[in-house]
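Below: the structure, in structure tokens.
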Amino acid sequence: MRTMASVWFSVLVLVSVQQVFGNVCSKDNSELNCNECIRCGGNWCNEIGSTHCVTTLEDGWCPNDQEMLLDMEPMSKAGKKVSPVYAERSLYVLKPDRMDIEYVATDELPIKMGISNTTQTSKFHIRTYDTKCRDNKCRTTIEATPLQDFCSATGSTAEFVFVTISVGHLANVTVKYFVPCACECSLKVDTNSATCNGHGDLSCGACKCHPEWTGEFCNTPICPKGRGDVQCTNPDFSYAECSGNGYCGPCETCICYTDRVGSQYFDQEEYCADICMISSQCEDCLLNSTAGDCESCVHNMIVQNFNESVRETKDHLNRNVWVACNETVNDCHIDYYARKAEDKTIYLMIERTCNDINSAPIVATPKVSIILGVLGILAAVAAIGGVMLWKHMNAIPPVPLNDPQYQNIDAEDCRGENPLYKPPTSSFKNPTYGKW
Ligand SMILES: *[C@@H]1O[C@H](CO)[C@@H](O)[C@H](O)[C@H]1NC(C)=O
Ligand SMILES: *[C@@H]1O[C@H](CO)[C@@H](O)[C@H](O)[C@H]1NC(C)=O
Ligand SMILES: *[C@@H]1O[C@H](CO)[C@@H](O)[C@H](O)[C@H]1NC(C)=O
Ligand SMILES: *[C@@H]1O[C@H](CO)[C@@H](O)[C@H](O)[C@H]1NC(C)=O
Ligand SMILES: *[C@@H]1O[C@H](CO)[C@@H](O)[C@H](O)[C@H]1NC(C)=O
């Protein structure tokens, strides 16, 4: 049973090793680097922008800078009855090499061949190609070819195979085959090369892109996930799409500003939503200003008692740890401070709320006309761009506000949910949004 198990084990290992090799060479040639190209039996061109790896040489391919593989001066040592008895030859993957062995005999002798040792694998093909005998002399042509998986992934520019060929009982011929399994140019790497737009390393005239980039010159970002229904491509609207706290970056993602009040809490994953937007999603918590856990909230939120000296705390970058927020819920205006801990828990301190007996209720005067005006602009923007513009009371004065079209949006009473920031909860307060 044990033997059986080990047999299976080695079969499995062989199969998986072969798959690893096979996969590299079954890739498209344009995806191979110089070493892989050589190991797979291709030819390499170092010219920038050329077709680097080709299997068959064509006219006009790489006129100036083909990678020349290391080779060895062929040498051979004659014997008395057999010549050569020792030889050295260069050999390239998948390129058959023929060599003649001459011996003294009236008739063809049995030839036996085998690899005596190798610095790589034994995936090496050797055979007698042809034998001719005349005038007491025979000439046998030997053909040797390293196969596609001869070179291991770590093969160097100089690998060897020793082959022993026995010619009847006359003599044993030793041939040292020299096989390059890598390119010399691959030893030179220009990291973060300008040719690769700073997103990759240049070697052998080709870019190896960093993980997030692709393309011949690493100029195309790889986008791991789309933004689903929301597009972030229109630079005119990208500000609004990124909650007013960022701009549209590569891969349809928001790049959040880092130099704004509370920017340490901007949520890259959630369209740069700031801490006031996120905490305002939990109205119950803001209305019930008694200290404790806000259990009905999706985000972990804890209310603590307001303390003037605590709210002035600075972090090591001298930023305010606590961000001032305000929110009007059912005509009740609430001023509060918020911070986010390392573990993403949001802490709130309610400074003033209309529910407080001690503080005078601040009831926002409804300015219907302004709200309607804003909604009208929103509708127009949505109609034009198919994108909803949104402005939170807490947002930092946005860049596009220089555009007169946006001016009214900054009106003090403008508020609404950011339809692009989708809280894990809940419905939106403004039913109009649903219709867009
Ligand atoms: C490989 O074989 C050749 C010829 O048989 C011999 O000269 C050489 O020392 C061997 N090398 C190793 C590492 O065994
Ligand atoms: C060739 O090598 C084999 C195995 O090493 C050995 O048995 C044989 O005697 C050798 N033949 C000659 C002619 O040296
Ligand atoms: C405040 O909390 C109490 C109990 O936790 C709850 O019954 C009440 O509805 C909350 N008030 C508001 C305005 O949500
Ligand atoms: C406010 O916090 C400071 C420092 O944490 C503390 O010393 C002080 O007693 C607190 N004030 C009140 C009124 O709780
Ligand atoms: C609400 O917060 C914003 C941003 O901090 C601020 O500009 C605005 O004056 C505040 N509104 C009120 C009524 O306090």
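One-based numbering along the sequence shown. Both counts, for ligands and for their atoms, begin at 1 and track the order of listing.
Residue, atom and distance of the protein heavy atom nearest to atom 4 (C) of ligand 4 are Ser309 OG, 4.1 Å. For atom 8 (C) of ligand 4, the closest non-hydrogen atom of the protein is Asn307 ND2, 3.7 Å. Of all protein heavy atoms, the one closest to atom 11 (N) of ligand 2 is Asn172 ND2, 3.1 Å. From the protein, the heavy atom lying nearest to atom 5 (O) of ligand 4 is Val310 CG2, 3.8 Å.
Of all atoms in ligand 2, listed by their number and element, those nearer than 4.0 Å to a heavy atom of Ala171 are 13 (C). Here is the list of ligand 2 atoms found below 4.0 Å of a heavy atom in His169: 13 (C).
Proximity of Ser166 to ligand 2 is not established, as no heavy-atom distance is less than 4.0 Å.
Annotation: cation-pi geometry satisfied between Lys176 and Phe160 (NZ/CZ under 6.0 angstrom from ring centroid, within 45° of ring axis).
Sulfur atoms SG of Cys272 and Cys254 are positioned 2.5 Å or more apart. For the cysteines Cys40 and Cys25, the sulfur (SG) atoms lie within a distance shorter than 2.5 angstrom of each other. Under the 2.5 Å SG-SG cutoff, Cys34 and Cys183 qualify as a close cysteine pair.
Within a 4.0 Å radius of atom 14 (O) of ligand 4, the protein contributes at least one heavy atom.
Here the two rings, on Phe124 and Tyr177, have centers that are under 6.0 Å apart.
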